[in-house]
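Positions are given from 1 along the sequence.
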Amino acid sequence: MGIIDIGSNSIRLVIYDGPARVPAALFNEKVMAGLGKGVSRDGMLDPDAMERAITSLARFRRLAEQMGVPRPRTVATAAVRDASNGQMFIDRVLDLGLPVEILSGDDEARMAGMGVIASIPSANGIVGDLGGGSLELARVVDGAVCETSSFPLGVLRIDAVKAKGPRALAAFVAKTLKKSGWVGKGAGLPFYMVGGSWRSLARLDMHLTGYPLPIVHHYWMPPNNAQHLVRVLAHLDRKRLRDVVGLSGARIPTLSHAASLLSHVVRQLGSSELIVSAYGLREGLLYSDLNAYQRAQDPLIASAREEGARQGRFPEHGDLLDRWLAPLFAQEGPADARIRHATCLLADVGWRAHPEFRAERGVETALHGNWVGIDSRGRGMMAHALWTSFGGQGIVPMISGLCSPSEILAAERWGLALRLGQRFSGGVADALVGSRLALAADAVELVIERDNAILYGETVERRHKTLAAAFGLPPRLVVN
């Protein structure tokens, strides 16, 4: 699968592979062509920007073909849609062998909303997708996009608005959102930030706050951080901004515009919090093509199962482990239960590593894996559970910055239960199918069939005792 996204600020080629529900990006290249700069000035695509775009698109076309995707889906957004010479540009792209699908503003908003739903299935709030030529808003709830709008408020158009006066942007945003009926519609709801400019803002905030995890997806900010970033950017020079890890230099010139617009928009909406989504229009296009069964899959569980199968030794062993140890955690809510399930699916990811570094491999997989449908707290719990299951001692400092003490304790218990299950079963299904864990009032029980009693060796007994101690109870072996 391949998508070429011709945006107002950038042009990007992404080639995907892997499971349909959570495809992985095999190749991802962006060129900051700046097609929308001319549109904001005189209503036309700038000739130099068009030449840069055509050169890049010719390269993308050849790369995609050599990667086995001869006809990548090619879409264009606000700049091409609004430019008086947009059709001429489309004809030139067609000459390269790339038919262009021009998305309407509502299409853009809907696909951005679908992208957020694809990565955060429980999303309930307002999605804002900021591009170079336009801003799209979409209301998402219960896995559906309910309402959409598009506004001529891209970062490349804000200079023209601000030129009318110091309060011109605030007034324009207020008037535009009031006229379209969006004022107050985000009250008490999250605002999901989509688009490279707003992701760059999030990276700046991560840098300023010393956030321990370099993952922008599902990064959380209070709504007043938007105005705080406006003030910060007024005093930061480009040299200091270049020190921000992951911040593209091409985004720096429009960063203050992105911050100003974010501040005004969330104030008018009444948003309660800001959440960054790394998924947007392109992922929404892919998600919209899935059938109902594929959409219903949990993206975290689907990707963890794929990764576990790729790196592990025993297919389906993670699901067995989860069912085996679940009785110990019957009081957990569904949110923690799905994180625990994902952890079980990854229980064997460290076996190829040197024994001294298997715990580190588990932490690396959990913290830095390309997961969606999980926040930093969930990553931290998965990491600590895998660290513990592979024999890691103590607490990795980064995890302490992501999880509370009670969450770390819960993850440690998951890890100890995994550690017991892996040793007891040797990774083979029979031992798990013929046994079960149970949390009694006075002990942590391992109930096994008589034929498998021989599997309860010294190491298994020791790990059983360690697990029980984490619950403040003694172990008890029950042989049927």
Side-chain angles (χ1 to χ4, degrees), residues 16-19 21-26 28 119-120 211-219 245-246 278-279 297-322 325 335-403 407-408 410-423 425 427:
Y16 297 93
D17 196 13
R21 180 61 181 85
V22 277
L26 288 183
N28 188 334
S119 63
I120 310 174
Y211 185 66
L213 189 65
I215 305 292
V216 72
H217 181 67
H218 222 298
Y219 180 67
V245 176
Y279 275 32
Q297 294 175 20
D298 185 316
L300 174 63
I301 300 303
S303 55
R305 182 173 288 118
E306 173 77 7
E307 186 71 7
R310 190 175 66 84
Q311 293 198 45
R313 295 166 290 180
F314 312 108
E316 300 182 4
H317 190 62
D319 290 301
L320 277 174
L321 277 170
D322 183 58
L325 57 83
D336 283 353
R338 67 184 288 271
I339 296 172
R340 188 188 70 237
H341 186 187
T343 305
C344 290
L345 292 168
L346 298 171
D348 209 30
V349 295
W351 79 274
R352 293 181 185 273
H354 187 283
E356 297 294 328
F357 295 98
R358 286 175 181 165
E360 285 82 355
R361 174 69 63 83
V363 170
E364 170 69 17
T365 299
L367 288 183
H368 300 145
N370 192 23
W371 315 119
V372 294
I374 187 170
D375 58 12
S376 58
R377 163 193 171 275
R379 285 176 181 266
M381 292 184 74
M382 283 205 310
H384 189 62
L386 291 174
W387 166 262
T388 302
S389 73
F390 288 123
Q393 300 296 313
I395 302 172
V396 176
M398 182 183 292
I399 295 173
S400 297
L402 300 174
C403 302
E407 290 162 350
I408 290 173
E412 184 169 326
R413 288 171 172 172
W414 298 350
L416 292 172
L418 280 173
R419 189 165 171 78
L420 171 62
Q422 292 286 64
R423 178 60 64 183
S425 68

| field | Criterion side-chain contact (heavy atoms from CB on, under 4.5 Å) on M382 and I339, from CA distance to verdict | value | CA-CA 7 Å; M382 283 205 310; I339 296 172; 3.6 Å; yes
| Pairwise distance CG(L213) to CZ(R377) - rounded to 0.5 angstrom | 14.5 Å
| Below 4.0 angstrom, N of the basic side chain to O of the carboxylate: do R338 and D322 qualify? | no
| Between atom CD of E412 and atom CZ of R419, what is the distance when rounded to the nearest 0.5 Å? | 11.5 Å
| request: Identify the two heavy atoms, one from I399 and one from A383, that lie closest to each other, and give their separation to 0.1 Å. | output: CD1-CB, 3.8 Å
| task | Taking all heavy atoms of L346 and all of A304, pick out the closest pair and write down the distance. | result | CD2-O, 3.7 Å
| note | With W414 as partner, the option from L325, L386, D336 fulfilling side chain to side chain contact (heavy atoms under 4.5 Å, CB included) is D336
| task | With rounding to the nearest 0.5 Å, note down the distance linking CG in L402 to CD in E407. | result | 10.0 Å
| Between Y279 and H217, what is the ring plane arrangement, given parallel below 30°, perpendicular above 60°, and tilted in between? | tilted
| said: By the salt bridge (charged side-chain N to carboxylate O under 4.0 Å, His left out) test, which pairs, at least two apart or in different chains, include something from residues 347-369? | reply: R313-D348
| message | Can you confirm whether more than 12 heavy atoms, excluding those of N28, are under 6.0 Å from its CG atom? | response | yes
| field | Residue pair H341 / D319: nearest heavy atoms and the distance that separates them | value | NE2-OD1, 2.8 Å
| What distance do R379 atom CZ and L300 atom CG have between them, rounded to the nearest 0.5 Å? | 9.0 Å
| message | Between L345 and E306, does the side-chain contact (heavy atoms from CB on, under 4.5 Å) criterion hold? Intermediate values first, please. | response | CA-CA 9 Å; L345 292 168; E306 173 77 7; over 6 Å; no
| request: Any chance you could measure D298, atom CG, to R305, atom CZ, to the nearest 0.5 Å? | output: 9.5 Å
| query | Do S303 and R21 have side-chain heavy atoms sitting under 4.5 Å apart? | reply | no
| Should we say atom CZ of R423 is surrounded by more than 12 heavy atoms from elsewhere, each under 6.0 Å from it? | no
| remark: Tested for side chain to side chain contact (heavy atoms under 4.5 Å, CB included) against T388, the lone hit among L418, I408, I395, L416 is L416
| For the residue pair A385 and T343, what are the closest heavy atoms and their distance? | CB-CG2, 3.6 Å
| Donor-acceptor contact below 3.5 Å, side chain Q422 vs main chain L420 | no
| W387 side chain to G394 backbone, donor-acceptor under 3.5 Å | yes
| request: Identify the two heavy atoms, one from P299 and one from V372, that lie closest to each other, and give their separation to 0.1 Å. | output: CB-CG2, 3.7 Å
| For the side chain of W371 and the backbone of T365, is there at least one donor-acceptor N/O pair under 3.5 Å apart? | yes
| task | Grab the two heavy atoms, one from S376 and one from Y211, that are nearest each other, plus how far apart they are. | result | CB-OH, 2.8 Å
